[in-house]
Amino acid sequence: MQEQPGLSNVQRLAIVVGAILVLVVAYVVISGGSDDPKKDATQPAATQPAATESTDTSGTTTATKPAAPPAPPTVRVVDAKPQGGVKKLNFSKGEQIRFRIVSDTADEIHVHGYDLMKDVAKGGSVTFSFRGSIDGRFVVELEGHGEQIAELDVAP
């Protein structure tokens, strides 16, 4: 009896296992797999503003870059006092509140009512960004100096 040339069962199994391994690796690479659970694919991706297109009078269409978000209001602190007086910051409840402090004085910035605090270095700046969940008027203060630098007004 003559043996027919071909693959043995072990060789066939090795080929199937190898093919499955290649497919799994390809899937992980394509889907951007990560060991970091914070970068899990179930989290929403950051959104970018869409680019816009415009057509000029000759019929040529051109793409324009998306507009940058507006700069947050800035409170400038000079010699531990708000430059130009206490700055009024007006927002609405539910809105994203965002403002920046630029200071020539090192201190802790305290947003009363929301009880948020950040240290600012001498000649440095800090940015606050949080959801306006409480309506009312709140003092923003250079905590160590006891100096009010801004008034945060969150309208209902």
Side-chain angles (χ1 to χ4, degrees), residues 1-77 87 89-136 138-144 149-150 152-156:
M1 184 177 234
Q2 203 175 21
E3 239 180 82
Q4 294 183 351
L7 299 175
S8 70
N9 287 340
V10 173
Q11 290 171 323
R12 287 183 189 140
L13 181 61
I15 290 172
V16 169
V17 170
I20 291 172
L21 183 61
V22 168
L23 291 173
V24 169
V25 169
Y27 174 78
V28 170
V29 169
I30 291 171
S31 67
S34 170
D35 288 338
D36 186 356
K38 292 178 184 174
K39 294 182 181 176
D40 191 334
T42 60
Q43 291 183 349
T47 57
Q48 296 283 334
T52 57
E53 291 185 353
S54 60
T55 305
D56 63 17
T57 54
S58 68
T60 304
T61 302
T62 57
T64 59
K65 290 184 179 180
T74 299
V75 178
R76 297 200 180 275
V77 176
K87 176 116 177 172
L89 303 169
N90 297 306
F91 296 92
S92 296
K93 186 175 180 179
E95 183 177 18
Q96 187 68 20
I97 295 173
R98 192 163 181 254
F99 60 92
R100 183 171 175 238
I101 311 290
V102 176
S103 179
D104 70 351
T105 305
D107 203 336
E108 180 180 67
I109 309 297
H110 182 191
V111 180
H112 289 261
Y114 285 86
D115 207 24
L116 300 172
M117 292 162 273
K118 288 188 178 185
D119 289 329
V120 64
K122 181 177 182 176
S125 68
V126 294
T127 300
F128 285 87
S129 183
F130 55 95
R131 180 76 49 206
S133 58
I134 309 167
D135 59 277
F138 307 98
V139 170
V140 179
E141 172 184 46
L142 274 180
E143 191 71 15
I149 58 173
L152 174 63
D153 186 7
V154 182

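- Between F138 and I97 the shortest side-chain heavy-atom distance does not fall below 4.5 Å.
- K118 NZ to T127 OG1: the interatomic distance, rounded to the nearest 0.5 Å, is 6.5 Å.
- Although no hydrogens or angles enter the test, the distance criterion places no donor-acceptor pair under 3.5 Å between the side chain of D135 and the main chain of K93.
- Looking at I101 and L142, their side chains never come closer than 4.5 Å, going by heavy atoms from C-beta outward.
- We find the CZ-OG distance between R76 and S125 to be 9.0 Å, quoted to the nearest 0.5 Å.
- Nearest heavy-atom pair, T74 versus K87, reported as atom, atom and distance to 0.1 Å: O-NZ, 3.5 Å.
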*Stepwise side chain to side chain contact (heavy atoms under 4.5 Å, CB included) check, V140 with I109*: CA-CA 7 Å; V140 179; I109 309 297; 3.9 Å; yes
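- A 4.5 Å side-chain heavy-atom check between V111 and E141 finds every atom pair outside the cut-off.
- No donor-acceptor distance shorter than 3.5 angstrom exists from the side chain of Y114 to the backbone of R131, with no hydrogens or angles considered.
- Contact record, A150 with V75: CB-CG2, 4.0 Å, taken as the closest heavy-atom pair.
- Contact record, A106 with K122: CB-N, 3.5 Å, taken as the closest heavy-atom pair.
- To the nearest 0.5 Å, atoms CZ (F130) and CD (Q96) are separated by 8.5 Å.
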